[in-house]
Amino acid sequence: MKMEMETVVTLLKSLLLVLACTACGAREAESNDVTCGSLVKLLNTKHNVRLHSHDVKYGSGSGQQSVTGVDSADDANSYWQIRGKADRPCQRGTAIKCGQSIRITHMKTGRNLHTHHFSSPLSNNQEVSAFGENGEGDDLDTWTVQCDGIHWERDEAVRFKHPGTNVYLSVTGEQYGHPIRGQREVHAMNTANQHNWWRTMEGVFIQPSQEPQRHDEL
């Protein structure tokens with residue numbers, strides 16, 4: 001009888017532990033934060049284009065790798081990885097805070113989203129390029145996430161401000177011709193306005209001590 005009672009108690013303890021772990025797992029799975037190491041597509045909410053790059057260089061200005069906006073939702077060249085600063089890396093899977101400085105690295109080419117004092121080719125705003133090699137560039141690769149809460153949430157519209165030159169990542173609708181016909185110019189502007197809101201779309205969101213959560217198929 002005593003043996004049976006001990007067995008029942010052990011089973012009940014095991015069941016409670018499983019239920020507790022399941023609840024913990026559910027809370028983590030429901031997390032809506034953008035996290036360090038996540039691979040995402042960023043949509044400009046005003047112009048409905050995704051931030052994009054490819055191994056095509058500007059024919060003027062810096063001559064660095066061009067950054068554009070595309071209508072297509074399934075272009076693999078629109079994936080970017082969220083990373084910490086070179087001198088202050090973030091731990092994989094940790095939530096990105098509002099006001100945190102990050103690097104945004106192009107998945108296919110390993111170059112960082114970058115801006116500097118060159119004029120953009122179409123709108124004469126500030127040029128935005130992809131710069132560096134294998135994820136390493138310079139201090140002009142840093143952007144600050146501007147959002148309202150404590151952490152950057154996936155469904156939230158945010159701005160990316162460039163602390164080095166005090167401008168915002170923007171799109172105003174100008175379209176390129178050959179060889180990237182139909183793609184929109186991405187540039188940086190001095191003012192915070194409707195043209196510089198961005199939201200995460202498709203992607204793989206890294207969770208602490210878990211497998212990545214997929215937002216769509218890669």
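What you see is a predicted model; the values in this text were computed from it and never measured.
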Pair Arg111 + Glu133: basic N to acidic O under 4.0 Å = yes
Please check if Leu169 and Ile96 belong to a single hydrophobic cluster, counting links between Ile, Leu, Val, Met, Phe, Trp and Tyr side chain heavy atoms closer than 4.5 Å.
-> yes
If two hydrophobic side chains count as joined below 4.5 Å and joins carry through other members, does Tyr176 share a cluster with Val186?
-> yes
Is the side chain of Lys41 donor-acceptor paired with the backbone N or O of Asp75 at a distance under 3.5 Å, no angle test?
-> yes
Have a look at His187 and tell me which of Thr115, Thr172, Asn196 forms a side chain to side chain donor-acceptor pair (under 3.5 Å) with it.
-> Thr172
Looking just at side-chain N and O atoms, do Gln81 and Thr105 make a donor-acceptor pair shorter than 3.5 Å?
-> no
Cation-pi between Arg159 and Trp197: NZ/CZ under 6.0 Å from ring centre and within 45° of the ring axis?
-> yes
If we only count heavy atoms from C-beta on, is the Phe131 to Val67 side-chain gap below 4.5 Å?
-> no
Would you call Ile180 and His54 a side-chain contact if the rule is heavy atoms closer than 4.5 Å?
-> yes
Do the non-hydrogen side-chain atoms of Met189 and Val167 ever get within less than 4.5 Å of each other?
-> no
Charged N to carboxylate O below 4.0 Å: is that the case for Arg199 and Glu153?
-> no
Does a side-chain heavy-atom distance below 4.5 Å link Tyr58 with Pro121?
-> yes
Student check: side-chain heavy atoms of His47 and Val171 closer than 4.5 Å | yes
Under 3.5 Å, is there a donor-acceptor pair linking the side chains of Asp33 and Thr35?
-> no
Test item: Val145 and Phe160 side chains (from C-beta on) under 4.5 Å apart, heavy atoms = yes
Beyond-backbone contact of Lys85 with Ser101, side-chain heavy atoms, under 4.5 angstrom | yes
Are Glu185 and Ser123 close enough that a side-chain donor and a side-chain acceptor fall under 3.5 Å?
-> yes
If every non-hydrogen atom of Ser78 is compared with every non-hydrogen atom of Val70, which pair is closest and at what distance?
-> OG-CG2, 3.6 Å
Heavy-atom distance under 4.5 Å between the side chains of Phe118 and Gln64, does that happen here?
-> no
Any ring pair (Phe, Tyr, Trp, His ring centres under 6.0 Å) involving residues 80-105? Give me the pairs, sequence neighbours left out, ordered by first then second residue.
-> Trp80-His106
For Thr142 and His162, run side chain to side chain contact (heavy atoms under 4.5 Å, CB included): C-alpha distance rounded to whole Å, both residues' side-chain angles, the deciding distance at 0.1 Å, then the answer.
-> CA-CA 6 Å; Thr142 300; His162 191 252; 5.8 Å; no
Establish, for the pair Arg154 and Phe205, whether the NZ or CZ atom is under 6.0 angstrom from the six-membered ring centre and no further than 45 degrees off its axis.
-> yes
Give a yes or no on whether the backbone of Asp138 and the side-chain of Asp141 come within a donor-acceptor separation of less than 3.5 Å.
-> yes
Could you give me the CA-CA distance, side-chain angles and deciding distance for Gln126 and His117, then say whether side chain to side chain contact (heavy atoms under 4.5 Å, CB included) is met?
-> CA-CA 6 Å; Gln126 185 166 299; His117 294 296; 3.6 Å; yes
